[in-house]
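Written out below as structure tokens is the structure these notes cover.
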Amino acid sequence: MNWKKKNRMSLILVILAIALVGGALIYFLNRDKQDAAEPVTERLDIPFRKQGSLAFLSAAGNDTISVIDIEVADNNQRRARGLMYRNSLPAEAGMLFIFDVEEIQGFWMKNTYIPLDMLFVNASKEIVTIHANTTPMREWNYASTQPALYVVEVNAGYCAQNNISEGDKIVFER
């Protein structure tokens, strides 16, 4: 009888050990699958690099409303990256996107952590569309209402704080 009890206890311990190891294995395998399925949204510490300056002018073009430092996105790679993955943008700074063709332009906020004002500007350097306070990380298309050759992105609220509106103009230098 003692022999049967020992065998039964040993069998129970072996079954418990197998169940624990199996459960742990299943847990870790499923956790790795879940981690792999989640998109990587890594915030990079990309510093702002001044490449020029941009002035906002009144609609008549004779009064300077405000001036910002700009980074320039003038090729496909820079335009595609834009301000994505950045943690911040200096208060008096922005990004100027320069396109090859004046046409309806569309932007989204995927992987962009900073709320922005987007200003769409035509070839005459007149602001034709403003999307204020865009929502970070949103895969929504913010499009110009008219053809645009340039887009300026600044911190959200900048246009309201500086009374910049559609019809105003820009000038920039690199």
Side-chain angles (χ1 to χ4, degrees), residues 35-174:
D35 289 346
E38 294 177 10
V40 175
T41 53
E42 177 181 340
R43 290 183 184 221
L44 304 174
D45 191 15
I46 301 171
F48 177 80
R49 295 201 174 132
K50 180 180 177 179
Q51 296 174 310
S53 62
L54 182 143
F56 294 99
L57 307 175
S58 64
N62 51 6
D63 292 324
T64 300
I65 299 170
S66 69
V67 178
I68 61 170
D69 294 332
I70 54 169
E71 267 190 62
V72 178
D74 57 359
N75 65 33
N76 288 336
Q77 182 181 3
R78 289 186 194 117
R79 287 189 292 259
R81 173 59 69 89
L83 293 172
M84 290 183 355
Y85 303 108
R86 299 209 188 187
N87 291 318
S88 64
L89 180 66
E92 301 297 317
M95 182 168 276
L96 171 66
F97 295 80
I98 303 173
F99 290 90
D100 300 325
V101 177
E102 183 181 40
E103 60 188 0
I104 299 294
Q105 304 293 345
F107 277 47
W108 66 350
M109 296 289 289
K110 181 176 181 178
N111 298 319
T112 304
Y113 304 113
I114 310 164
L116 300 170
D117 287 352
M118 291 181 191
L119 301 90
F120 295 82
V121 181
N122 66 18
S124 300
K125 298 185 179 163
E126 178 185 346
I127 300 169
V128 295
T129 307
I130 296 176
H131 289 287
N133 299 307
T134 59
T135 305
M137 302 296 288
R138 188 170 181 195
E139 292 184 33
W140 173 264
N141 188 29
Y142 295 96
S144 60
T145 57
Q146 298 176 40
L149 185 61
Y150 309 97
V151 177
V152 181
E153 291 182 340
V154 292
N155 285 302
Y158 186 86
C159 291
Q161 291 167 359
N162 291 281
N163 297 315
I164 297 169
S165 58
E166 293 175 6
D168 290 339
K169 299 181 184 250
I170 66 165
V171 292
F172 60 88
E173 53 184 50
R174 297 166 89 175

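The residues of the chain are indexed from 1 along the displayed sequence.
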- [ ] Not counting sequence neighbours, which residues clear side chain to side chain contact (heavy atoms under 4.5 Å, CB included) with Asn155? List them please.
- [x]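 Result, side chain to side chain contact (heavy atoms under 4.5 Å, CB included) vs Asn155: Leu89, Ile114.
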- [ ] Specify whether Trp140 and Tyr142 have parallel, tilted or perpendicular ring planes, treating 30° as the upper limit for parallel and 60° as the lower limit for perpendicular.
- [x]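 Because their plane-to-plane angle is over 60°, the rings of Trp140 and Tyr142 count as perpendicular.
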Would [X] and [Y] pass as an ion pair if we require N to O under 4.0 Å?
| X | Y | result |
| --- | --- | --- |
| Asp168 | Lys125 | no |
| Arg86 | Glu71 | yes |
| Asp63 | Lys169 | no |

I'd like to know if the side chain of [X] and the backbone of [Y] have a donor-acceptor N/O pair within less than 3.5 Å.
| X | Y | answer |
| --- | --- | --- |
| Ser144 | Ile104 | no |
| Gln51 | Val72 | yes |
| Glu102 | Ala148 | no |
| Thr145 | Thr129 | no |
| Asn141 | Ala143 | no |
| Glu126 | Val121 | no |
| Glu173 | Ser53 | no |

Task: From CA spacing to verdict: side chain to side chain contact (heavy atoms under 4.5 Å, CB included), Trp108, Arg138 - done: CA-CA 7 Å; Trp108 66 350; Arg138 188 170 181 195; over 6 Å; no
Give, for atom [atom1] of [X] and atom [atom2] of [Y], the distance between the pair rounded to the nearest 0.5 Å.
| X | Y | atom1 | atom2 | answer |
| --- | --- | --- | --- | --- |
| Leu54 | Ile170 | CG | CD1 | 4.5 Å |
| Ser58 | Ile164 | OG | CD1 | 11.5 Å |
| Glu139 | Thr112 | CD | OG1 | 10.5 Å |
| Phe56 | Ile127 | CZ | CD1 | 6.0 Å |
| Ile68 | Phe172 | CD1 | CZ | 11.5 Å |
| Lys50 | Asp69 | NZ | CG | 4.0 Å |

Open item on the list: Is the distance between the ring centroids of His131 and Phe120 under 6.0 Å?
Closed with: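 Ring centroids of Phe120 and His131 are less than 6.0 Å from each other.
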How about [X] and [Y]: do any of their side-chain heavy atoms sit closer than 4.5 Å?
| X | Y | result |
| --- | --- | --- |
| Leu116 | Val154 | no |
| Met118 | Ile130 | no |
| Pro47 | Arg49 | yes |
| Val151 | Leu119 | no |
| Arg174 | Ile98 | yes |
| Phe48 | Met95 | no |

Task: Any donor-acceptor N or O pair under 3.5 Å, side chains Asp117, Tyr158 - done: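 The answer is no; no qualifying pair exists.
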Open item on the list: Pair Ile46, Arg81 - check side chain to side chain contact (heavy atoms under 4.5 Å, CB included), show working.
Closed with: CA-CA 11 Å; Ile46 301 171; Arg81 173 59 69 89; 3.8 Å; yes
Task: For Phe97 against Arg78, the heavy-atom pair lying closest together - done: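 Scanning both residues, the minimum pair turns out to be CE2-O, 4.4 Å.
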TODO: Give the minimum heavy-atom separation between Pro115 and Pro136, together with the two atoms involved.
DONE: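 Shortest heavy-atom separation between Pro115 and Pro136 comes out as N-CG, 3.6 Å.
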